[in-house]
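Below you'll find the structure, written out as structure tokens, and then a few comments.
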Amino acid sequence: MTKPDILQVGYYPEWDQGPLDAAFTMHKYFEAEDKAAFLAKVGPKIKGIATRGELGADKAMFDACPNLEVVSVYGVGYDAVDVAACTARGIHVTNTPDVLTNDVADLGVAMMLAQSRGMIGASQWVRDGSWVSKGLYPLQSRVWGKKVGVLGLGRIGYAVAKRLAAFDMDVAYSASSPKDTPEDWTFIQDATALAEHSDFLFVTLAASAETRHIINADVLKALGPNGMVINISRAANIDEEALLTALENQSIAGAALDVFEGEPDLNPRFLALDSVMLQPHHGSGTYETRKAMGKLVHDNLVAHFANQPLLTKVN
Ligand code: 8YV
């Protein structure tokens, strides 16, 4: 039996690549020097696209692949795939929810703790001999007992809130409507009101046109000079210019960010700020989770071409 032809948008680790190569004929778009020529050549035989959350799939690919049936995304976020365009063309889209929830939440909480307690600077203090030459490390801010606002109480937001409640933090959240939560979690729908209420503001919203720049200058002003914003979702949820200005003016205390506009390149103004913890978009970056994500990418494609129900469908 001939293997279905799949356009592979980005790199996968070998433990994912092996099973994909065994089941499909993979065409490595990311290795092609002339992308347009590559698409023109392989496009007509492509039946599926395998991509990553942050890479997505664009209109040029859909146009070049008239026989495309399915797009399998390695990531829970599918904002980089035009799902409406796929649906209109009868193309299925799948993602990798659930398997990454706890790791993304863990990283977000770790970022908040590390930044609040100055752990990166403290490590440097030990390494560079400052402990010996200068003495005690400057005091930092407490986390427990403070107010945290979780903007977007989906799967990841809920996992973050659960962890923070266990840190004895006072949890508030926003969502389109109140959710079934422990009694002492407060529902505050409006982003500015949530920020005003919070010492720490977690951004855990799935990105869409509606959520673009939901964290803007007004929300940051409401968060205030003792507030910290933590983003483990997508850069587009924050107006980065407004965030940089707020950090530079110290009108907020700090930020912990796993995602950036134009990543992996980032605005060099971030690099000059000690008040920001910078992470390379690796919320889901553990062996265990990435293996589970890769398996879902593979299994969704296999299910599709075997005419079986998709495991984790988006549309
Ligand atoms: C990336 C993510 O897909 O799940 C998401 O939405 O952004 C991530 O898990 C990851 O960086 C793999 O490329």
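All ligand and atom numbering here is 1-based and tracks the order in the structure. All figures in this text were calculated on a predicted structure; none of them were measured in a lab.
For an aromatic pair to be called close, the ring centres must be under 6.0 Å apart, and Trp125 with Tyr137 satisfies this.
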For a distance cut-off of 3.5 Å, show me each N or O of ligand 1 paired with any protein N or O, plus the separation.
| unit_1 | atom_1 | unit_2 | atom_2 | d |
| --- | --- | --- | --- | --- |
| ligand 1 | 3 (O) | Gly53 | N | 3.4 |
| ligand 1 | 3 (O) | Glu54 | OE1 | 3.4 |
| ligand 1 | 3 (O) | Tyr74 | O | 2.9 |
| ligand 1 | 4 (O) | Val76 | N | 2.7 |
| ligand 1 | 6 (O) | Val76 | N | 3.4 |
| ligand 1 | 6 (O) | Gly77 | N | 2.8 |
| ligand 1 | 6 (O) | Arg234 | NH1 | 3.4 |
| ligand 1 | 6 (O) | Arg234 | NH2 | 2.8 |
| ligand 1 | 7 (O) | Arg234 | NH1 | 2.8 |
| ligand 1 | 7 (O) | Arg234 | NH2 | 3.2 |
| ligand 1 | 7 (O) | His281 | NE2 | 2.7 |
| ligand 1 | 9 (O) | Ser284 | OG | 2.8 |
| ligand 1 | 11 (O) | Arg290 | NH2 | 3.4 |
| ligand 1 | 13 (O) | Arg52 | NE | 3.0 |
| ligand 1 | 13 (O) | Glu54 | OE1 | 2.8 |
| ligand 1 | 13 (O) | Glu54 | OE2 | 3.1 |

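Using bins of under 30°, 30° to 60° and over 60° for the plane-to-plane angle, the ring pair Phe30/Tyr11 lands in the perpendicular bin. Between Tyr173 and Phe187, the ring planes are tilted. Angles from 30° to 60° get that label.
Between Arg163 and Asp106 there is a salt bridge, with a side-chain nitrogen of the basic residue lying less than 4.0 Å from a carboxylate oxygen of the acidic one.
For the side-chain hydrogen bond (donor to acceptor under 3.5 Å, both in side chains) test, no residue two or more places apart in sequence or in another chain qualifies with Glu288.
Between Ser72 and Asn300, the side chains place no donor N or O within less than 3.5 Å of an acceptor N or O (distance only, hydrogens not considered).
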